[in-house]
Amino acid sequence: MSTNNKSASAKAKPITAPDIRAMKNGEKICCMTAFDYPSAMIGDQAGMDLLLVGDSLAMTVLGHEDTLSVTVDEMVHHTRAASRGVERALLVADMPFMSFATVDKALENGGRLISEGRAKAVKLEGGVPVAPQVKALTQAGIPVMAHVGLTPQHIAEFGGFKAQGKSADAVKTLIEDAQAVEEAGAFCVVLEAIPVEAAELITESVTIPTIGIGAGNVTDGQILVYNDVLGFFDRFTPKFVRRYADLGAAAREALQMYCADVRRTTFPGDKNTFYMPDDQLAQVRKIKVKSKKK
Ligand code: KIV
């Protein structure tokens, strides 16, 4: 198994929510989603500061058409798997649609993502309306990453996956949202699919780091979805994605080669085959079997 660029014996110091909170200092925060053990391990080894088990896994891993139907149980299951792959990055779990509709629900479900899922923080979508949930979670000892702008759990209200914050009024609302979650105790806030000018204003108006996805290069950090970056999800690609590899195509090609080898009987080869020890071979040859071949 490959190891990361650090020596295998030197265990990296885990990044905490306060560490991320303190990174509003010009140093860019590198974030990525991770949905299971291998993606978390690869993201951690690549040097991510924060790994998010995003509810986008509903689409990228479970094949749903949006993020609305993933359950808390499913998020716990994926988060727990991802937690086994992480040594250094801060592992954050997304709270699914309606799982934080009230303060009580937020505490119960947020608590499960931490105690059963082994996340170190949770993320939830929304601004002013969810400030009480952010406050309650933070006071209960659960660090919260907030998320404003295009919040995919609100696509019915937005009329689809549409960029937000395109008017002066909308920008004022976004600033109020970001300030409300900061005030409530969030340690950072995701800004999704908003104009760069709006992102710049919001970033200036809060003391917590902003993590952009489709918000230009003015935010304190960036996050993208693993499957988009690596070319594993091609149902649609948002404008804000940069694809760094086409592993979907590479995987398909490799599997086609395997199929072709099986069909022309060049796999398995000698190197993939176990053979009887010489001292047993003569005995084995004497075993009589009744052929069932027609
Ligand atoms: O679910 C998700 O992937 C997100 C993004 C911020 C990356 O919420």
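For ligands, and for the atoms within them, numbers begin at 1 and follow the listed sequence.
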Ignoring hydrogens and angles, tell me if any N or O in the side chain of [X] forms a donor-acceptor pair with the backbone of [Y] under 3.5 Å.
X: Gln283; Y: Gln280; answer: no
X: Asn227; Y: Phe232; answer: no
X: His78; Y: Asp36; answer: no

Are any non-hydrogen side-chain atoms of Asp55 and Phe97 less than 4.5 angstrom apart?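 No, side chains not in contact.
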
What residues form a side-chain hydrogen bond (donor to acceptor under 3.5 Å, both in side chains) with Asp261, not counting sequence neighbours?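 Asp261: side-chain hydrogen bond (donor to acceptor under 3.5 Å, both in side chains) contacts with Arg264, Thr266.
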
Out of the candidates Leu150, Ile202, Leu201, only one should pair with Ile194 under the side-chain contact (heavy atoms from CB on, under 4.5 Å) rule; please name it.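 Of all the options given, the one that passes is Ile202.
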
Ligand 1: protein residues within heavy-atom distance under 4.0 Å: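 Ligand 1 pocket, heavy atoms under 4.0 Å: Thr33, Leu52, Gly54, Asp55, Ser56, Asp94, Lys123, His147, Val190, Ile213, Val225.
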
